[in-house]
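Bear in mind the structure is a predicted one, so any value in this text is a computation, not a measurement.
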Amino acid sequence: MSVSPLSYPLLETLASPADLRRLPAAKLTEVAQELRQFLIQSVATRGGHFAAGLGTVELTVALHYVFNTPHDRLVWDVGHQAYPHKVLTGRRDKLHTIKQDMGLAPFPTRSESEYDTFGVGHSSTSISAALGMAVAAAQRGEDRRVVAIIGDGALTAGMAFEALNHAGSLPADLLIVLNDNDMSISENVGALSNYLARALSGKMYSHLRDTGKKVLRHMPTVWELARRSEEHFKGMVLPGTLFEEMGFNYIGPVDGHDLKALVDTLSNLKKLRGPQFLHVVTRKGKGYAPAEADPIKWHGPGPFDPASGQIFKEASSGPTYSQIFGKWLCDIADRDPAIVGITPAMREGSGLVEFSKRFPARYFDVAIAEQHAVTLAAGMAVEGLKPVVAIYSTFLQRAYDQLIHDVALQNLPVIFAVDRAGLVGSDGATHQGSYDLSFLRCIPNMTIMAPADENECRQMLYTGTTLSSPSVIRYPRGTGPGAAIVAEMTALPVGVSQLRREGRSGLAILAFGALVDSAQKIAEHLDATIVNMRFVKPLDEKMIVSIATRHRAIITIEENAIMGGAGAAVGEFLNATGLQLPMLNIGIPDRFIEHGTRDTCLARAGLDLAGLTASVEPWWALQSQARKRSVSGA
């Protein structure tokens, strides 16, 4: 059926999955066609996660058709693949608002819909969460099916295998659907394979297998022969030996774009008890030629023309911090053969594309395995290499134990290029880099740097290569204030700040990182002193003492959680030295900042120029009035 971009006659009748389940199975292909076209047209207007969702259209339709959602639980992994799910669960008319201010959340979110059974943003959590739900249903005696849908990329994380290992040992009624979109559908994923999947998930095969096991277990020799014969037969045509060994009944691979095969197989699996594993092969970007040809480029595009496939790019005022990092890494690798680059599946986002092409033997993408990335770097550092780990702030949280025990405790010179530090915008609360200064500065042996501009970022990265201990350079998403970048690399003196302006009002502002530029504007307006602190650890204690003895009040500004952040470090030092004076710490407040543009997120946190001014000026006015009263009273 050919669907007009603006006409979805069948899809528009579906207010919920219950409406979908009332349709005859013969209509599901039309639903999938309309749903795919709707996704293309909707995402084109504003951008968003795209290729993964196009690949799961038929799977999503089949899951909601077979299972009684929301009573039966669907747990999506990450959520990149969940746009079709949002459309079918009552949010079709709001899909164009996804990732926008006050719009739909970028990932499944429990507060948004009862069909979003678990909040996801970081990958590889679905099996653990779904197993927990299945155990809870069993303990309560509820007849409820639980399904985890996980992509092959997310299955690379250790947490997913920990959950698989546990789930296979329990009698919980859990179905894991592996959405394998890393390969095109090969010849064996066709009629024969789909037939085998339906047969192996059917009641007759299941009954014969279970009955045979009961009988043959009393005849050990025959039982072992039968067991090996079954494994041999399935192993000849099915890549499921690993999952069978972990305790799952493996079914597949199934063509993930064959709705009849999916519905038949899922219907059979719904009747089976215990841990089940369904391997579904899909194609990222299915149904939209540009996305099929380049699914990485179309993973999360901005607005685009659906007819031509042209992505509309925003005008840039200069290189992003990620691009600055990528250029620096290539430059330093040219000079130093010991430099290696490591990323946990974020090559494009972290700016490593050029490095991966120029230095393929020194580039390591470890997939979604942040813990492994950090300890891999530690092992390299032990043997004299200079590993640079390019990682988002929000993902570094997942490797905290390795950061402490494998890197810092052994005082190894691993460089962490921490991208997306601070508020990132449209990916929302799960991706905001709000906490890295707080969780990093308490770790011994760490040197932590926060650049105020593009050139400072480049020089700090180089500084990290000169140290014999672990270092962190944390920088924000997007572009900086537009500082000229000096090609020559010069190491900064560790723990030394930069006095940018000496004021006469008695107020000093100590600013860390990306907000230095805004802080300087405020300082100029109030005739305040402004210091670009540069180092969070070690602090420039000499500068802080000098500031405290020459000023009446201090304000610290940072794009990190106030609790435990850089401002807290300044306060702790002043308290320890007995230099106490009025102090205001400004940073990300103690709440989660939801999705929107980066500018909107900064405004919500009170960290845009208007918000900073609104915090600084009244507080400084109160301090000035209190001082006047104190002086007049004396």
Side-chain angles (χ1 to χ4, degrees), residues 315-321 324 421-425 433-434 437 449-457 459-460 474-485 497-536 540 543-544 546-548 550-562 565-567 570 582-589 593 596-624:
S316 175
S317 57
T320 66
Y321 279 99
I324 291 164
L423 299 174
V424 300
S434 305
L437 293 184
M449 297 170 260
D453 58 44
E454 299 90 335
N455 184 59
E456 204 164 71
C457 182
Q459 307 311 327
M460 285 181 175
R474 58 105 65 178
Y475 44 89
R477 181 178 190 174
T479 58
I485 301 173
S497 60
Q498 176 193 42
L499 179 64
R500 286 201 168 188
R501 183 184 192 279
E502 184 74 49
R504 295 173 295 178
S505 65
L507 173 65
I509 300 176
L510 310 183
F512 296 83
L515 299 180
V516 168
D517 192 54
S518 295
Q520 184 152 347
K521 291 182 174 67
I522 295 171
E524 290 168 355
H525 176 66
L526 297 177
D527 193 17
T529 295
I530 174 72
V531 181
N532 170 21
M533 291 300 292
R534 286 182 166 170
F535 290 83
V536 178
D540 189 345
M543 175 65 79
I544 295 172
S546 174
I547 290 291
R550 294 184 294 108
H551 294 78
R552 300 198 305 271
I554 291 177
I555 294 176
T556 65
I557 296 177
E558 64 190 296
E559 195 176 337
N560 185 83
I562 296 173
V570 173
M583 178 183 293
L584 173 65
N585 297 137
I586 298 176
I588 299 173
I593 308 298
T597 64
R598 173 166 157 75
D599 288 342
T600 300
C601 289
L602 286 170
R604 287 180 189 158
L607 297 180
D608 62 340
L609 182 58
L612 291 171
T613 301
S615 295
V616 169
E617 290 189 349
W619 184 84
W620 176 233
L622 286 174
Q623 301 308 312
S624 300

Distance-only donor-acceptor pairs under 3.5 Å for side chains of residues 506-524, two or more places apart:
{"unit_1": "D517", "atom_1": "OD2", "unit_2": "K521", "atom_2": "NZ", "d": "2.9"}
{"unit_1": "Q520", "atom_1": "OE1", "unit_2": "R500", "atom_2": "NH1", "d": "3.1"}

Item checked: Where at least one partner belongs to residues 613-623, residue pairs that pass salt bridge (charged side-chain N to carboxylate O under 4.0 Å, His left out), sequence neighbours excluded -> none
Item checked: R552: partners by salt bridge (Lys or Arg N to Asp or Glu O under 4.0 Å), with sequence neighbours left out ->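 Partners of R552 under the salt bridge (Lys or Arg N to Asp or Glu O under 4.0 Å) test: none.
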Output all residues satisfying side-chain contact (heavy atoms from CB on, under 4.5 Å) with [X], sequence neighbours left out; order by chain, then residue number.
{"X": "T600", "value": "D101, T597, R604"}
{"X": "N455", "value": "D453, Q459, I485, V486"}
{"X": "L499", "value": "E502, T529, V531, M543"}

Just jot down the side chain to side chain donor-acceptor pair (under 3.5 Å) partners of [X], sequence neighbours excluded, or say none.
{"X": "S434", "result": "none"}
{"X": "R534", "result": "E456"}
{"X": "S624", "result": "none"}

Has [X] got a side-chain atom pairing as donor or acceptor with [Y]'s backbone, closer than 3.5 angstrom?
{"X": "T479", "Y": "G318", "answer": "no"}
{"X": "R477", "Y": "L423", "answer": "no"}
{"X": "E454", "Y": "A484", "answer": "no"}

Just so I know, are the side chains of [X] and [Y] near enough to count as touching, which here means a heavy-atom distance under 4.5 Å?
{"X": "M533", "Y": "I544", "result": "yes"}
{"X": "D608", "Y": "D599", "result": "no"}
{"X": "R501", "Y": "D527", "result": "yes"}

Closest heavy-atom contact between [X] and [Y]?
{"X": "A421", "Y": "E559", "answer": "O-OE2, 4.2 Å"}
{"X": "P451", "Y": "M449", "answer": "CD-O, 4.0 Å"}
{"X": "V536", "Y": "A450", "answer": "CG2-CB, 4.5 Å"}
{"X": "R598", "Y": "P476", "answer": "NH2-CB, 3.9 Å"}
{"X": "R550", "Y": "S546", "answer": "NE-OG, 3.0 Å"}

Checklist line | Spatial distance of atom CD1 (I555) from atom CG (L584) [nearest 0.5 Å] | finding: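 So the gap between those two atoms works out to 5.0 Å.
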Notebook entry, point to check: Can you tell me how far CD1 of I588 sits from CG of N560, rounded to the nearest 0.5 angstrom?
Noted result: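 One gets 6.0 Å once the value is rounded to the nearest 0.5 Å.
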